[in-house]
Structures are given as C-alpha cells and as structure tokens.
Number of protein chains: 2
Amino acid sequence: MTSDSRLSWREVRDRIHEQILTGRYGPGDRLPRDADIAEDLSCARSTVQRAMQDLSDSGLVERRRKGGTRVRAEPVTRATLDIPITRREVEQSGARYGYQLIRRRMAPAPRGVVAAFGLGAPRPMLRVEALHLSDGRPYIFEDRWICPETSPEVQNLDFTGQSANEWLVLNKPYSRLDLRFYAISANTRLADLLEAEPGAALLVIERTTWIEDAPITTVKAITTPGYQLLTGT
Amino acid sequence: MTSDSRLSWREVRDRIHEQILTGRYGPGDRLPRDADIAEDLSCARSTVQRAMQDLSDSGLVERRRKGGTRVRAEPVTRATLDIPITRREVEQSGARYGYQLIRRRMAPAPRGVVAAFGLGAPRPMLRVEALHLSDGRPYIFEDRWICPETSPEVQNLDFTGQSANEWLVLNKPYSRLDLRFYAISANTRLADLLEAEPGAALLVIERTTWIEDAPITTVKAITTPGYQLLTGT
DNA sequence: TGACAAAATATGTACCTACATATTACCGTT
DNA sequence: AACGGTAATATGTAGGTACATATTTTGTCA
C-alpha cells in the first residue's frame, strides 16, 4: 500500500474505475492493454492484472484473452449476500435468541423437494420444522428436509436443543449452493406460528445444498412480516 | 492449467476445500502456513496465496496477518447475485419485452426515500413509475426516484421509449449500491397494474445507488406473483 | 504485576520472467 | 467470396525474490 512510491493494485483499480465513472470509457468500450496501462502508471503488469481481475469480478468489465478488456455493454447489478446462522443474526441485532422445535419426522419427500435436489425418484427424508425467536417473538420459521443418506448422523439428533440450521452449517460444509427468494401469503398455520395476520406477505429464503453431487438439505426460511434482507455493509 | 506437471491455484484451492469438507479441518481450526502448504504440494507460495485468497473471498476461511488462516468459526452462506437490466432478463427468458411509462413528474421525496439516501432534508426529485412487460403481460412495476442534482440530464428525458432502468444503468455507473429484499401485499392499485389479486404477496427488490456521496436513484422493483430471484447458475 | 517496547512471524503486495491458453486477425488457396 | 490453417496477441498462470504490514509474543523495566 506504500502510499508514496509504488502504486498498489487497489489504486490502479480505483483509477480505472473512476475513468469509467467519469465517462472516459463507456459501455462496450475497449480499455488499453494491461501492459500499456502498466507503462502509463509505471507499475508492473501483474499489478494491473490484479486490479483488472477485481473489476472483472465485480462485473464492471469483461476480459477475454486476445480480445482485451472492455466495459460491460449490458451492465449487471452484482452484489454479495451474506446469510449468517439465524441465531447469530438475532444476537447481532441485540435481541435474545430463542429456538423451538415444532416437528421432526421421516416422511416421503414431496415433488418440490425432489425437484430442488434434481433427484429422479422420491424417497423418504427427514423433515424438521422449527421456529427461531427474537426476544421471545417469532422471527423465522424453517421448514427443512434433510437427506439421511448423505448425513446419517441426523438419525441420532433430535434438534430440540440445537437447530438443524446450526448443526448443519457447522458439521456439513457444502460444495454447491442454490438460493432463491420469493414471497408467499401466510396461510392459517403460518399466520398462527409466526403470530402474523393470515394473508400477510412473507419473504421466503430457500436454500439447497449439496456436497459434490450428494444432496444435503433444502430449507425454506419463512420470515415474519417486515423482514428485510440486506446486502453490502 | 497444465493438468500434468505444475499445480494450479484452483487445484490447490480445491484440495484445501476438500480437506475442510471431509472434516480434516473443522470450524475454528487453524490451517498450516501458506509456506508449509506450498512445500507440501511443492508449488510456489504465491500459488497457495492465490488459492487462499479465493477461499477467503468465498467466506470459507478467515486470514489474518501473523494470525494465520483458520476455518470460519461461524460460517456464513455467501452468494453472489446478478440482477440484469429488466429488458435483458425478459428477453433471456425467451419472451418478448414490453415497456410502458405510467407516470413521470417532479415531487417532494417522501421520508422513506430521503432516509434511503441518508439525506438530511427532503427535496424535490423526479419520480418515474413504469411497467415492464413480458409477452405483453405485466412483469415488474418499478417505482423510482431520481436525484436531479446528480443527474441533470434526466430533465430532458421523457422515459417513454427507453426505461429509466436502462438509461441509468447505461449512463450512470455507480460507486456504491444498497440492495434490500422484502415482501409486500398488493394494494388495489398494484393489483390492477400487475393484473394480480389484491392482497397477493409480491417480492420487492429495492436498489439505491450513489456516485461517491451523491445519490443517483432509488427504486422499488415490485415483481408479479410467483416471481423468484435466483443466485448462482 | 502491569505497562510498554521490541522482536518474531504469517499474510499481503509489488516486481519480473517465462510460458500457457484462448481468440482474433491475416493470408493463401480454392 | 468462402474456407481453413497459421500467426499474432492479450490475458491467465506459475515461479521466485524482496519488502511491507499487521498482529501476536516476548522481554524489559518500573
């Protein structure tokens, strides 16, 4: 970072970013070669490469071998989402976390679950329904299916003390993740569980994880009315 | 990637990732120093550094100078979201894109908008309401506020042909972005516009952008019932 | 014992070199 | 003009060296 002599890759990145912001380069425009930029700024090509890689990761520019670097013609809004363990999310908001197991039983997986996993045939799986509480009030209801073939240990866990959310995230790292967000209306059961009005609009966060090709779990996290999912800071 | 002789940073990354997956290293555990891993795998430390950086970016591992590298004690689910221009999103689904301006006028920004921008005092802004269509049917209703101080050009644009979404994304790159997702119930006006049942649950994608500290725009993209936002592939 | 300074140490960055790889561009042939 | 093969070229990656930087650990002195 040597603010004096040498240029850091962040400085190079910011300088190029700024040239895009100010319109020096617009959507679709081609930027100079890394080597030329390096000479211009009198730094190493590897420094420019690092800067460009970062701009590319953030979706601002596109790089192709031999094709060079150009500002994305059709920009995308790209953001990183962090979804912590629910307990942590509650505690970080300054509230007291509570947890309550609603139901735990084996059952044949419904078609939606089988489809989420991309499996051929339906099969029995472990269904765990539980409620996360914030300061004693309902916060998130989770409706989860766990594949017992992939995680045989779950047969011996009752999930009364520790949530499946927490156990899985600590003990079952995944190699693939699918996320989807959508809205549903609270039916009478959900309204009852979440202490919400029937028909209230609820944000649902659906997560499915695999380890290699083996399905681990799929969960619908059904939030209480007013819940917001944020990115960034 | 020379699958034969040398080890690529991706291979190094995957090998370490696998050791975490298989439980060789669990949450909170400290990994060997980069230099030792490099020696083990007989590759350069810079290659290990690259691999570790990637694992760190993906949230699996935490690195601290002198502290070393350790598996995150409280893992987070981290994912990258790409939100394209609405026109592109529709076209990519194979449907015909349509656009319809509903209203465009200057108005004092309501408190919610002022708060989203982190401004002190309310001020007049340009409000643009428009409907995006997919195969002639409502797809997303966007309710947008644009700051005319930051983008004076908008005074001369009528947004009848090109959507504000598209114009802004092509002409107003941002340096900061805030995203939030939540669910609302359709009121009668929204139900009418989106051809949905009154009270239907709708996913809202709210986006606010700045260039440096200057607010550009804030928009609520109100989706039609059944809309799902996906990550990854 | 406690506070503070100094040494030790693991990661972060910058530079340079040498190839690898993916594409585009060019040119000759038909 | 269309096709196809080859050369040219910009980015991607690996290796290696030398420092920079941030912490933790250790050590010293009051």
Side-chain angles (χ1 to χ4, degrees), chain A residues 1-17 19-20 24-25 27-73 78 80, chain B residues 1-17 19-20 24-73 80:
Chain A
M1 306 265 232
T2 57
S3 54
D4 41 284
S5 55
R6 287 178 289 190
L7 230 55
S8 79
W9 66 266
R10 283 167 212 277
E11 290 172 305
V12 172
R13 176 199 59 189
D14 292 344
R15 201 172 290 205
I16 296 166
H17 189 170
Q19 291 191 304
I20 295 174
R24 167 93 180 70
Y25 299 107
D29 285 1
R30 180 165 171 183
L31 301 175
R33 314 157 36 205
D34 290 7
D36 291 343
I37 293 178
E39 200 182 5
D40 265 22
L41 306 178
S42 52
C43 66
R45 177 166 83 89
S46 52
T47 306
V48 176
Q49 154 86 19
R50 185 87 174 74
M52 286 300 199
Q53 199 62 55
D54 196 62
L55 290 171
S56 175
D57 286 346
S58 71
L60 201 64
V61 303
E62 276 172 329
R63 281 162 78 73
R64 299 176 63 181
R65 281 167 158 152
K66 162 88 185 180
T69 306
R70 43 188 67 223
V71 181
R72 264 187 107 102
R78 181 169 297 175
T80 303
Chain B
M1 301 254 229
T2 58
S3 55
D4 41 283
S5 55
R6 287 179 289 190
L7 230 55
S8 79
W9 66 266
R10 284 166 210 277
E11 290 172 304
V12 173
R13 177 198 59 187
D14 291 346
R15 202 172 289 205
I16 296 167
H17 189 170
Q19 291 190 305
I20 295 174
R24 167 92 180 72
Y25 300 107
D29 285 0
R30 180 166 170 180
L31 301 176
R33 312 158 37 205
D34 290 7
D36 290 343
I37 294 178
E39 199 182 5
D40 265 22
L41 306 179
S42 53
C43 66
R45 177 166 82 89
S46 53
T47 306
V48 177
Q49 155 86 17
R50 185 87 175 75
M52 286 299 197
Q53 200 63 54
D54 196 62
L55 290 172
S56 174
D57 286 346
S58 71
L60 200 64
V61 125
E62 274 172 331
R63 278 161 79 74
R64 299 176 60 182
R65 281 168 157 150
K66 162 86 186 180
T69 307
R70 44 189 66 225
V71 181
R72 262 186 108 104
T80 302

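Computed from a predicted model, the values in this text were never measured in an experiment. Chain A is the first sequence line, chain B the second, and so forth, proteins listed ahead of strands; every chain is numbered from 1.
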Open item on the list: Are there over 12 heavy-atom neighbours, none belonging to A/Q19, within less than 6.0 Å of that residue's CD?
Closed with: yes
Atom pairs under 3.5 Å: protein N/O with N/O of nucleotides 6-9 of chain C:
from: C/dT9; atom 1: O4'; to: B/K66; atom 2: NZ; distance (Å): 3.0

TODO: Verify the contact: side-chain N or O of B/T69 to OP1 or OP2 of C/dT11, cut-off strictly under 4.0 Å; return yes or no.
DONE: yes
Open item on the list: Do A/V12 and A/I16 have side chains that approach each other closer than 4.5 Å (heavy atoms only, starting at C-beta)?
Closed with: yes
Open item on the list: Output the rounded distance in Å from CD1 (A/I16) to P (D/dT11).
Closed with: 11 Å
TODO: Take the protein atom CZ of A/R70 and the nucleotide atom C1' of D/dT11, then report the distance between them rounded to whole Å.
DONE: 14 Å
Open item on the list: Any side-chain N or O of A/R45 below 4.0 angstrom from OP1/OP2 of C/dC16?
Closed with: no
- [ ] Hey, which sits more toward the 5' end of DNA chain C by its nearest nucleotide, B/S46 or B/P32?
- [x] B/P32
TODO: Dump the intermediate steps for side chain to side chain contact (heavy atoms under 4.5 Å, CB included) on A/V61 and A/I20, then the final yes or no.
DONE: CA-CA 10 Å; A/V61 303; A/I20 295 174; 3.9 Å; yes
- [ ] Name the closest nucleotide to the A/W9 side chain, picking from D/dT24, C/dC16, C/dT13.
- [x] C/dT13
Task: Sub-4.5 Å side-chain heavy-atom contact between A/T47 and A/L41 - done: no
Open item on the list: Counting the atoms with a prime plus P, OP1 and OP2 as sugar-phosphate, which does B/G67 contact under 4.0 Å by heavy atoms, base, sugar-phosphate, or nothing?
Closed with: nothing
Open item on the list: Taking B/E39's backbone N and O only, do any of them form a donor-acceptor pair with B/S42's side chain (distance below 3.5 Å, no angle check)?
Closed with: no
Task: Short side-chain N/O contact from A/R10 to OP1 or OP2 of C/dG12, under 4.0 Å - done: no
- [ ] May I ask you to verify if any side-chain N or O of B/Q49 is less than 4.0 angstrom from the OP1 or OP2 atom of C/dG12?
- [x] yes
TODO: Mind calculating the distance between CZ (A/R13) and P (C/dT13) to the nearest angstrom?
DONE: 10 Å
Task: Between D/dG16 (P) and B/E39 (CD): distance, integer Å - done: 12 Å
Task: Whole angstrom value for the distance that separates C1' of D/dG12 from CZ of A/R64 - done: 15 Å
Open item on the list: From CG of B/D34 over to P of D/dG16, roughly how many Å is that when rounded to an integer?
Closed with: 15 Å
TODO: Might you point out which heavy atoms bring B/P32 and B/Y25 nearest each other, and give the distance in Å?
DONE: CD-OH, 3.4 Å
- [ ] Evaluate salt bridge (charged side-chain N to carboxylate O under 4.0 Å, His left out) for B/D34 paired with B/R63, printing each intermediate quantity in order.
- [x] CA-CA 11 Å; B/D34 290 7; B/R63 278 161 79 74; 2.6 Å; yes
Open item on the list: If you only use heavy atoms from C-beta on, which nucleotide in D/dT24, D/dA14, D/dT13 is closest to the side chain of B/S8?
Closed with: D/dA14
Task: Atom pair distance, as rounded to whole Å: CD in B/E62 and P in C/dA10 - done: 18 Å
- [ ] Starting from C1' on D/dA10, measure out to CG on A/D36 and report it in whole angstrom.
- [x] 10 Å
